[in-house]
Structure formats: structure tokens, C-alpha cells
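I have placed the structure first, in the form of C-alpha cells, so that the comments after it can refer back to it.
Just so it is clear: chains get the letters A, B, ... in the order the sequence lines come, proteins before strands, and each one is counted from 1.
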There are 2 protein chains.
Amino acid sequence: MAQKNNLKYIILGLLSERSLTGYDITKAFDSDIGEFWSANHSQIYPLLIKMEANGLISHEIIVTGAKLEKKLYSLTQTGTIEFKTWLQSPTPELSASKDEFILKLYFIENSTDPLLPEMLAEQLMLHHNKLVHLQSQMTNKFENTDRKQAQFGHFLILQHAIERETAYESWLQQTINNLGD
Amino acid sequence: MAQKNNLKYIILGLLSERSLTGYDITKAFDSDIGEFWSANHSQIYPLLIKMEANGLISHEIIVTGAKLEKKLYSLTQTGTIEFKTWLQSPTPELSASKDEFILKLYFIENSTDPLLPEMLAEQLMLHHNKLVHLQSQMTNKFENTDRKQAQFGHFLILQHAIERETAYESWLQQTINNLGD
DNA sequence: TCGACCATGTAAACTGTTACATGATTGT
DNA sequence: ACAATCATGTAACAGTTTACATGGTCGA
């Protein structure tokens, strides 16, 4: 999708918490943020350079060991303002959530289609695994109420994702159960 | 997103039901399919030309009125096979469902953030409207059980979308209700 | 006749993925 | 020494959106 440069705002948001290298930002997509957004380092590094050229961020060189130079990026005041402006702006578009399985299902004409049972079973497994993963994330990150206060948005997102996957799993299961009718 | 050419399969799927012009295909995204996928005519027309060059589809010219030429596309045998192969193949990836509101929420650190109430209220309105729309779609298209049999996949998708929006709305409402705690 | 809609295309810009490419550090 | 990981970049390609561009049909 050619969206409205959401990646820029993710980077601004991450840097608003603390200074990070491009590598740190890349890794954030393997854990926390990876739950609901993805990005590769090949997209992140050029964007960091562009954002710096636009005055949103700046960097200082940190030398590790003998000569490994890291670029530690920080928000400029302009960047801070741009991030806050984005956060405060309305979000009037609902995303279309492009789901390839749903696409295939659309072309199933009949409830007796022999493909249906395995398609549904495959998705049930995938969504069940996702749900288990999300639940373990929830346990790991928000065992104690303190962190739930300190990262309230993150908590809400996880809660929402768990409810979404629970509903998805339940829909798949019911559909499988009713196939015989 | 640079996905795996799902648009190609949508076009194959639509043409497997009946022959269509590029304009017909474009309009399908304004109604039925628009519920869960989007595409513009500027993407569809070039792809139709490419798919014809690859032997998946063919067209005949239909003249309307004095001289308006329409291209009516049909599946070739190769196209039919490619569509069926896709439908039968596994769908092992779960889409990340990139949702800008969720993104913003991630950066809300505290449950007392003054932005939260309006953010949640805005989304509640959007998702409520979406739900109402989906429910009217369901009523219009599947009043009688016949069509539910004849377009089973479409029925399941609508059912799922309604359940998803119901859950989304309920999560938003509960979150709003609990903000005071 | 005029406006809404039918009908088809191209161009430019942007977003995202996969692959190519290089080198340093750290712990075993 | 060697492997895993840290660290940063570029290139090519693929998918998507927005804008530009043109002309025909049909009903009021």
C-alpha cells in the first residue's frame, strides 16, 4: 500500500521515548511493534537519512570497540512537534485489512465445496497459534499492574488483538461445526 | 504493501464467474469486494493487458452505441487453471492488518492521557457506522436462504466482518467506560 | 443540450520487499 | 578462530495511490 508515511511517525514515536540507532529501530519491529506493523532495515535507513535532511531528527556518532561507528538518532524540536501533531490529528479512515484467506473464501460458491474443511482448519491453526502467542506476550509484559499504567496504549492494543483473534478463532470453529448442515 | 499479486487472482476469480470489462471489474471494488480489498482502475487496466500478454485472459471487442468500444475479458484455460491452483494452495501467512489508530494508541503512555477520550470516541463512531453498513449489506444480500447457499463464501465473509466490527465496537466501548478508573 | 455515468488508458510519486554488499564486535 | 549478532547502506523490483488525459452514451 502507498499509505501516508506511517513509518515516519513510528520512528518519531520510538525516538520520542529515547535515542536509538537504525539498528535498534529495525529490531523494534521484530518484537513489540511487529505485532501490528512491519518494516525492513532497507526501508528504515534511507528514511532516517531523509528525515534528518528534513530536520525532524539528528544524529551523533557513537564509537563502539575499536572503530564501529553507530549513528544514534534523536528527535529535534521540529520532530517532536510533528509527532505530537500526528498523534492529535483525527484518524478518519478505517483500513481495509487485506486478508488473503478472506479473498479465497469469497470465491467459494457452495457450502459443500471440498476445499472448505482444510482451508478453515488451516486458518484455525494459524489463528490459534497467534492467539497463544499474544496471550504469552500479555502475560510477559503486563503481569503487574504498574506496567499496564506505564504503557497503557500498548496494553490496550494487546487486549484488542487477543479479543480479535478469539473472535476469529470462534468464527472459524463455528463455521467448521456447521459445515455438515 | 508489495504483496504477491493478489489483485491478479481477484480478477481471475471475477472472470471465472462471467466475462467482464475493465470497468466492470473496477466497479466490483466499489461494492462487494470493496468490503475487504481495494483497487483503482489505473492499476486494473495495465494489469489486464499484462495478464492477456501472459495468456491468462483474452478479450473481444463489444461496440456500444455508434462507436464506443469495450473490451470484454474472459478466462483462458490457462487462467482457469491458475485460479484453481491459487484457490487450492495453502494460505500460511496472517496479514499484519495495519491500522493507523492502533499505531497512535501504541504511543499513548498513560490511561489519563487527555487525547484518549476523543480518539476512542472517533473510532467508536467509525466502527459503529461500518457495522451498520455491514448489517444492511447482510440483510440486502442474504435475506433468503437460497443466496446464502449460492454465495456461501461471501456470506461467511460478511458474517465474519460483522462479528469483527461488533467485537471492535465492544472493546472501544468498554475501554471508554473504564477510563475513569 | 447537458450532466451523470460509461469506458480506457498513461505518468509520476510513493511504499514496501527481496537481494546484494560490506565490515565490526563479542562470546565461546 | 569462528559463529552469531551488531551495524549500515544500496539496487532492483513490485504493488499502490493520485493525478492527468480523453472520449462516448444515455436519459431527462
Minimum side-chain heavy-atom gap A:His133-A:Gln137 below 4.5 Å | yes
Check the side chains of B:Gln123 and B:Trp171 for a donor-acceptor pair under 3.5 angstrom, ignoring hydrogens and angles.
-> no
What nucleic acid atoms does A:Ser42 come within less than 4.0 Å of, heavy atoms only: base, sugar-phosphate, or nothing?
-> base
Which residue lies toward the 5' end of DNA chain C, A:Gln43 or B:Gln43, if each is placed at its nearest nucleotide?
-> B:Gln43
Please state how far atom CD in A:Glu93 lies from atom C1' in D:dT18, giving the value in whole angstrom units.
-> 14 Å
Protein-nucleotide distance (A:Lys50, atom NZ; D:dT8, atom C1'), rounded to Å = 19 Å
Minimum-distance nucleotide to B:Ser38 side chain [options: D:dT5, D:dT17, D:dG9] | D:dT17
Tell me whether the OP1 or OP2 atom of D:dT8 has a side-chain N or O from A:Tyr23 closer than 4.0 Å.
-> no
Aromatic rings B:Phe155 and B:Phe142: how do their planes relate, parallel, tilted or perpendicular, breaks at 30° and 60°?
-> perpendicular
Can you tell me the distance, in whole Å, between the CG atom of A:Leu72 and the C1' atom of D:dA7?
-> 13 Å
Phosphate OP1/OP2 of C:dG9 contacted by B:Lys71 side-chain N/O (<4.0 Å) | yes
Rounded to the nearest Å, what distance is computed from the CD1 atom of residue A:Ile62 to the P atom of nucleotide D:dT8?
-> 11 Å
Quick one: do B:Lys4 and B:Glu93 make a salt bridge, cutoff under 4.0 Å?
-> no
Relative to the 5' end of DNA chain C, which residue comes earlier, B:Asp24 or B:Pro46, by the nucleotide with the nearest heavy atom?
-> B:Asp24
Atom CH2 of B:Trp37 and atom P of D:dT17: how far apart are they, to the nearest Å?
-> 10 Å
Any N/O pairs under 3.5 Å between the protein and nucleotides 25-28 of chain C? List them or say none.
| unit_1 | atom_1 | unit_2 | atom_2 | d |
| --- | --- | --- | --- | --- |
| C:dT25 | OP1 | A:Thr64 | O | 3.1 |
| C:dT25 | OP1 | A:Ala66 | N | 2.5 |
| C:dT25 | OP1 | A:Lys67 | N | 2.7 |
| C:dT25 | OP1 | A:Leu68 | N | 3.3 |

Please give, in whole Å, the distance from D:dT16 C1' to B:His41 NE2?
-> 13 Å
Rounded to whole angstroms, how far apart are CG on B:Asn40 and P on C:dG9?
-> 16 Å
Are B:Lys71 and B:Glu60 within salt-bridge range, i.e. N to O under 4.0 Å?
-> no
Describe the nucleic acid contact of B:Lys27 in one word from base, sugar-phosphate, nothing, applying a heavy-atom distance below 4.0 Å.
-> sugar-phosphate
Mark yes or no for whether A:Ser19, through its side chain, and A:Leu15, through its backbone, hold a donor-acceptor pair below 3.5 Å.
-> no
Please give, in whole Å, the distance from D:dT22 P to B:Glu69 CD?
-> 19 Å
Expected output: side-chain B:Asn140 to main-chain B:Ser136 donor-acceptor under 3.5 Å | yes
